[in-house]
Enquirer: 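First the structure, which I've put down as structure tokens, then a few questions once you've had a look.
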Amino acid sequence: MASDRLVTHQHILKAVMEYERRGSTKLLTTLETLEPDLTEFLLESLTRLFHELTKLGLSDRDARRMYRRAKKTAVVSIIALRKAQHDLWQNDLVLPEDPPPSP
């Protein structure tokens with residue numbers, strides 16, 4: 001299947017940097033405002049993942065580490081997609097005959 005190349009490495013890198021700068025709690029609070037249903041699903045799924053990992057015998061420490069890794073992956077993916085979508089809308093709104101926006 002061909003990719004639409006909507007999300008680039010730059011979007012992902014910016015999302016990772018934002019995650020590391022702002023932290024997961026602030027980003028999830030922002031996401032909850034913007035996408036409440038998606039954020040609720042994400043948090044419920046991550047909580048289930050943590051409990052299932054501990055039931056499988058992982059120590060609490062290892063389960064928390066996997067939980068944090070999964071949370072970072074999911075939040076970075078959502079932020080990167082939102083950034084890419086924003087860029088797409090910005091590019092679509094500038095028509096060829098329009099002068100380029102001033103810095």
Side-chain angles (χ1 to χ4, degrees):
M1 176 180 215
S3 171
D4 59 6
R5 308 234 356 122
L6 180 65
V7 178
T8 67
H9 68 282
Q10 292 172 338
H11 296 116
I12 296 167
L13 181 59
K14 287 178 183 177
V16 168
M17 290 180 355
E18 184 174 357
Y19 186 93
E20 291 174 358
R21 186 179 70 249
R22 292 182 63 199
S24 65
T25 304
K26 287 184 180 180
L27 277 177
L28 284 169
T29 301
T30 301
L31 277 177
E32 193 170 24
T33 303
L34 300 169
E35 298 286 353
D37 295 334
L38 179 60
T39 305
E40 180 181 358
F41 171 75
L42 173 63
L43 292 174
E44 288 177 5
S45 296
L46 287 169
T47 300
R48 270 195 310 271
L49 173 67
F50 176 79
H51 291 296
E52 289 176 18
L53 289 172
T54 56
K55 285 179 186 175
L56 291 173
L58 259 67
S59 67
D60 283 348
R61 179 177 175 238
D62 288 339
R64 278 192 303 273
R65 191 175 71 232
M66 292 297 107
Y67 170 90
R68 285 191 297 266
R69 184 179 293 173
K71 180 170 59 171
K72 182 176 182 178
T73 300
V75 171
V76 165
S77 297
I78 293 168
I79 297 296
L81 186 58
R82 289 185 58 83
K83 288 181 180 302
Q85 186 69 36
H86 179 266
D87 289 352
L88 178 67
W89 279 99
Q90 293 295 359
N91 290 338
D92 282 353
L93 295 176
V94 177
L95 299 174
E97 61 271 3
D98 289 344
S102 59

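In what follows, residues are counted from 1 in the order of the sequence shown. Values in this document were obtained by computation on a predicted structure and should not be read as measured data.
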Enquirer: How long is the gap from CZ on Arg82 to CG on Leu34, to the nearest 0.5 Å?
Expert: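 So the gap between those two atoms works out to 4.5 Å.
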Enquirer: Let me see the working for Leu53 and Asp62 under side chain to side chain contact (heavy atoms under 4.5 Å, CB included), right down to the final yes or no.
Expert: CA-CA 9 Å; Leu53 289 172; Asp62 288 339; over 6 Å; no
Enquirer: If two hydrophobic side chains count as joined below 4.5 Å and joins carry through other members, does Leu13 share a cluster with Leu81?
Expert: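 No, it is not one cluster - the side chains of Leu13 and Leu81 are not joined through contacts under 4.5 Å.
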Enquirer: Let me confirm one number: the NZ-CZ distance from Lys71 to Arg64, rounded to the nearest 0.5 Å.
Expert: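 Answer for the NZ-CZ pair, Lys71 versus Arg64, is 12.0 Å.
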Enquirer: I'd like to know if Lys72 pairs up with Glu20 as an ion pair, taking the criterion as any Lys NZ or Arg NE/NH1/NH2 lying under 4.0 Å from an Asp or Glu carboxylate oxygen.
Expert: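 Looking at Lys72 and Glu20, the cut-off is met.
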Enquirer: Looking only at side-chain N and O atoms, does Thr54 offer a donor or acceptor that is under 3.5 Å from a partner on His51?
Expert: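 No - no donor-acceptor pair under 3.5 Å links their side chains.
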Enquirer: Rounded to the nearest 0.5 Å, what separates atom CZ in Arg65 from atom OG in Ser59?
Expert: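 Spacing of CZ (Arg65) from OG (Ser59) equals 7.5 Å.
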Enquirer: Just verifying a value: how many Å separate Thr30 OG1 and Ile79 CD1, rounded to the nearest 0.5 Å?
Expert: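 Here the interatomic distance stands at 7.5 Å.
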Enquirer: Could you give the distance from NE2 (His86) to NE2 (His11), rounded to the nearest 0.5 Å?
Expert: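 Reported value, rounded in 0.5 Å steps: 10.0 Å.
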Enquirer: Only one of Thr39, Leu38, Thr73 clears side-chain contact (heavy atoms from CB on, under 4.5 Å) with Ile78; which?
Expert: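 For Ile78, the side-chain contact (heavy atoms from CB on, under 4.5 Å) test succeeds with only one of Thr39, Leu38, Thr73, which is Leu38.
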Enquirer: If hydrophobic clusters are built from ILVMFWY residues whose side chains come within less than 4.5 Å, do Leu6 and Ile12 share one?
Expert: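 The answer is yes; both residues are in one hydrophobic cluster.
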Enquirer: Going by heavy atoms in the side chains, are Leu49 and Met66 under 4.5 Å from each other?
Expert: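 No, too far: nothing below the 4.5 Å cut-off.
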Enquirer: Less than 4.5 Å apart, any side-chain heavy atom of Leu42 and any of Glu35?
Expert: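 A side-chain contact under 4.5 Å is absent here.
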Enquirer: Would you name the heavy atoms of Arg68 and Tyr19 that are closest together and state the gap between them?
Expert: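 For Arg68 and Tyr19, the tightest heavy-atom pair comes out as O-OH, 4.4 Å.
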Enquirer: For Ala15 and Ala80, which heavy atoms make the closest approach, and how far apart are they?
Expert: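 The answer is CB-N, 3.7 Å.
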Enquirer: Can you name the closest pair of heavy atoms from Leu46 and Ala70 and give their distance?
Expert: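 That would be CD2-CB, 3.8 Å.
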